Amino acid sequence: MSDIAVIDYGMGNLRSVSKAIEYVAPHARVVVTSDPAEVASAGRVVFPGQGAMPDCMRELDARGLRGAVLDAAYSKPFLGICIGLQMLFDRSEEGDVAGLGVLPGHVRRFRAADMTGSDGARLKVPHMGWNRVRQAAGHELWNDIVDGSRFYFVHSYFVETAQADLNAGSSDYPRPFTCAIAQDNIFAVQFHPEKSDKMGLQLLANFIRWRPRAIMARPLRTAVAGG
Amino acid sequence: MLATRIIPCLDVNAGRVVKGVNFVGLRDAGDPVAIAARYNEQGADELTFLDITASSDGRDLILPIIEAVATQVFIPLTVGGGVRKVEDVRRLLNAGADKVSINTSAVQNPQLVVDATRHYGSQCIVIAIDVKRVAGSTPTRWEVYTHGGRNATGIDALEWGRRMQQAGAGEILLTSMDRDGTRQGFDIELTRAFSDALEIPVIASGGVGTLDHLVDGVLRGHADAVLAASIFHYGEHTVQDAKRLMVERGIEVRQ
């Protein structure tokens, strides 16, 4: 049994995530795992993701991890990173693929028509680099992180949700978009805390210590689907 | 809004960092972690390691360096040099690299770029392009060179950049061979041509001799990021100095 399980479903490089967690929690037992039983027995779960969301969903299912991820999302401190955030939602424009449906909302691409900065310059996609994050509300994961701190982003898609109280943080590119969401035991970020220097390490340290006040209620349909 | 990135570049030869050695208290190449940590403290937004090892058997020696740096420095790390196969990409990523840059092999085998981005995502594949101006061309054209600038390819650089974007590249590391090592500043016309033509970010490289050159690369060249080696290595300037000047000139940076 581990303190923290980083879910490995074969998409990209999880070494950065596990190294950063080991750095902030040198005494914690951290496993990078694709074993549903290890995910189930871990105290906390980190759900990262890189690449394209359709591939991520496919690989998740190919490894039989969907149920374990859903169980974790409805039971213990859960940190989604990048595509790991996007997959929690209903659906993505990327390949028009269904997500896990834990949270209501859609994943959309930055629109070429919107990509003009305040100085008239065209903004690149992917959104790659360090951008400011406005904290929407107090949350334990923002402890000791100055509001407006910069975090490292690399993505072409972002989440849109009608449920405003999910928004825990936003960024501008050039329009505001949600880059952190929080609900009960779930916190998820579009940026990469493991690559965001001191502020990112602080967020990971906060996650390790976090004691959520509530656990997200599991709707019946996912309880059935998730087994 | 997004900050312009400053990226110090470290050359690695047979497992030794051979540039970036003149920091106070760092005697020689021996301590890549200390060098990387120093740049990190100065506020570098990413670090690029370029493996300049001539023989392929010496190349694995960069892996322990990347592994060591990745346990202490938590900003994006790019590694390039001698990447030929998807397997090479995998090994570098597993060692702790966040991005892998591909140069000669992309020209020899463009499918490698498609395969690597499909496997690991566009975000971790940087295409490095070394170019020279084509003498007398109007409008100005640039030609792609491979093998560390030794081999002309006849390929139009901008066309190649578009093709690599299409193949899934996450960004372009664009080096002017005409300017590299001259300390006369970036080839601004080149940088701007690429940055304006491509949707993906362009990192300007080659020729930086002063901090003003970095500013020019952004304001006149429209670069999304600027890469430099010698101005940081020899202790003339720190990344902080560069960021201070950029802020004075109205460029957003991470501070």
Side-chain angles (χ1 to χ4, degrees), chain A residues 10-24 26 32 49-53 55-56 59 82-83 110 112 115 117-119 121-132 149-156 171-175 192-202 204, chain B residues 1-7 40-41 43-46 66-67 69-77 89-90 92-100 117-124 126 165 168-172 195-203 218-219 222 224-225 250-255:
Chain A
M11 286 303 292
N13 173 27
L14 305 180
R15 196 177 171 91
S16 296
V17 176
S18 63
K19 288 288 153 206
I21 293 169
E22 285 162 14
Y23 185 84
V24 297
V32 176
Q50 287 186 349
M53 185 161 145
D55 297 336
C56 288
E59 293 301 316
C82 195
I83 311 280
F110 287 113
M115 303 316 291
S118 52
D119 57 354
R122 190 166 52 102
L123 301 177
K124 304 294 181 72
V125 178
H127 173 226
M128 184 186 291
W130 299 81
N131 208 338
R132 290 188 187 282
S149 293
R150 289 185 189 271
F151 289 84
Y152 185 78
F153 288 83
V154 49
H155 63 122
S156 301
S171 193
D172 296 337
Y173 197 63
R175 300 184 177 190
H192 289 270
E194 76 279 12
K195 286 286 127 186
S196 294
D197 203 6
K198 293 187 184 68
M199 294 297 110
L201 294 173
Q202 183 65 52
L204 292 174
Chain B
M1 285 300 292
L2 201 54
T4 298
R5 289 171 281 156
I6 298 182
I7 309 175
N40 185 33
E41 279 160 30
D45 297 304
E46 298 187 26
I66 301 305
E67 275 176 22
V69 171
T71 59
Q72 301 293 324
V73 172
F74 298 96
I75 58 176
L77 306 175
V89 175
R90 190 188 67 82
L92 290 167
L93 293 177
N94 281 345
D98 301 288
K99 309 181 193 181
V100 171
T117 55
R118 188 176 294 155
H119 237 87
Y120 294 107
S122 291
Q123 82 289 338
C124 68
V126 181
Q165 172 174 286
E171 59 186 337
I172 301 287
S195 196
D196 289 357
L198 298 184
E199 241 187 77
I200 56 179
V202 172
I203 306 165
V218 178
L219 294 184
H222 299 173
D224 300 286
I251 300 170
E252 280 210 47
V253 295
R254 175 175 75 108
Q255 284 176 300

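First the proteins, then the strands, lettered A, B, ... as listed; each starts at 1. Atoms considered below: every heavy atom in the structure, side chains included; atoms not considered: hydrogens, waters and symmetry mates. Predicted model, so just to flag it, every value in this text is computed and none were measured.
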(request) Would you mind checking which part of V73(B) comes under 4.5 Å of any heavy atom in chain A, side chain (CB onward), backbone (N, CA, C, O), both or neither? (result) backbone
(message) Going by the rule side chain to side chain contact (heavy atoms under 4.5 Å, CB included), which residues pair with F110(A) if we only count those two or more places apart in sequence or in a different chain?
(response) M115(A), V125(A), H127(A), H155(A), F158(A), Y173(A), F177(A)
(request) Search all heavy atoms of S16(A) against all heavy atoms of G96(B) and return the closest pair with its distance. (result) OG-O, 4.2 Å
(message) At a 4.5 Å cut-off on heavy atoms, which part of T117(B) comes close to chain A: side chain, backbone, both, or neither?
(response) neither
(message) Looking at every heavy atom in both L123(A) and M1(B), which two are closest together, and how far apart are they?
(response) CD1-CE, 3.6 Å
(request) Kindly check if the number of other-residue, nucleotide or ligand heavy atoms within 6.0 Å of CZ (R175(A)) is above 12? (result) no
(message) Testing the basics here: between M128(A) and Q123(B), what is the closest heavy-atom pair and its distance to 0.1 Å?
(response) CE-O, 4.5 Å
(request) Just give me the residue among H192(A), E22(A), R122(A), K198(A) that pairs up with chain B most often, heavy atom to heavy atom, under 4.5 Å. (result) R122(A)
(request) Kindly write out the residues that satisfy side chain to side chain contact (heavy atoms under 4.5 Å, CB included) with A197(B), not counting sequence neighbours, or none if the list is empty. (result) L158(B), R162(B)
(request) Give, as side chain, backbone, both or neither, the part of T71(B) having an atom under 4.5 angstrom from any heavy atom of chain A. (result) both
(request) Please tell me if the side chains of Q50(A) and Y120(B) come closer than 4.5 Å, counting only heavy atoms from C-beta onward. (result) no
(message) At a 4.5 Å cut-off on heavy atoms, which part of A97(B) comes close to chain A: side chain, backbone, both, or neither?
(response) backbone
(request) Pick one of side chain, backbone, both or neither for R254(B), based on which atoms fall under 4.5 Å of a heavy atom in chain A. (result) both
(request) Taking all non-hydrogen atoms of both residues into account, name the closest pair between G129(A) and L2(B) and its distance. (result) C-CD1, 3.6 Å
(message) Using heavy-atom distances under 4.5 Å, tell me whether D45(B) contacts chain A through its side chain, its backbone, both, or neither.
(response) both
(message) Quick one: does any side-chain atom of K124(A) pair with a main-chain N or O of S195(B) as donor and acceptor, under 3.5 Å?
(response) yes
(request) For F74(B) and E194(A), work out which heavy atoms get closest and say how close. (result) CB-O, 3.6 Å
(message) Strictly distance-based, threshold 3.5 Å: is any side-chain N or O of R132(A) a donor or acceptor partner for the main-chain N or O of A3(B)?
(response) no
(message) Restricting to non-hydrogen atoms, name the atom on K195(A) and the atom on L77(B) that form the minimum distance, rounded to 0.1 Å.
(response) NZ-CG, 4.2 Å
(request) Answer yes or no: are there more than 12 heavy-atom neighbours, outside R90(B) itself, under 6.0 Å from its atom CZ? (result) yes
(request) Output yes when a side-chain donor or acceptor of R15(A) lies under 3.5 Å from a complementary backbone atom of L93(B), and no otherwise. (result) no
(message) Rounded at 0.5 Å granularity, tell me how far NE2 in H119(B) sits from CG in D55(A).
(response) 10.0 Å
(request) With a 4.5 Å cut-off on heavy-atom pairs, point out which of N40(B), D98(B), T4(B), D196(B) contacts chain A the most. (result) D98(B)
(message) With a 4.5 angstrom heavy-atom cut-off, is it the side chain or the backbone of A52(A) that approaches chain B, or both, or neither?
(response) neither
(request) Among the options C124(B), A95(B), A70(B), pick out the one with the most heavy-atom pairs lying under 4.5 Å from chain A. (result) A95(B)
(request) Select, from G121(B), A225(B), G170(B), P201(B), the one with the greatest count of heavy-atom pairs under 4.5 Å involving chain A. (result) P201(B)
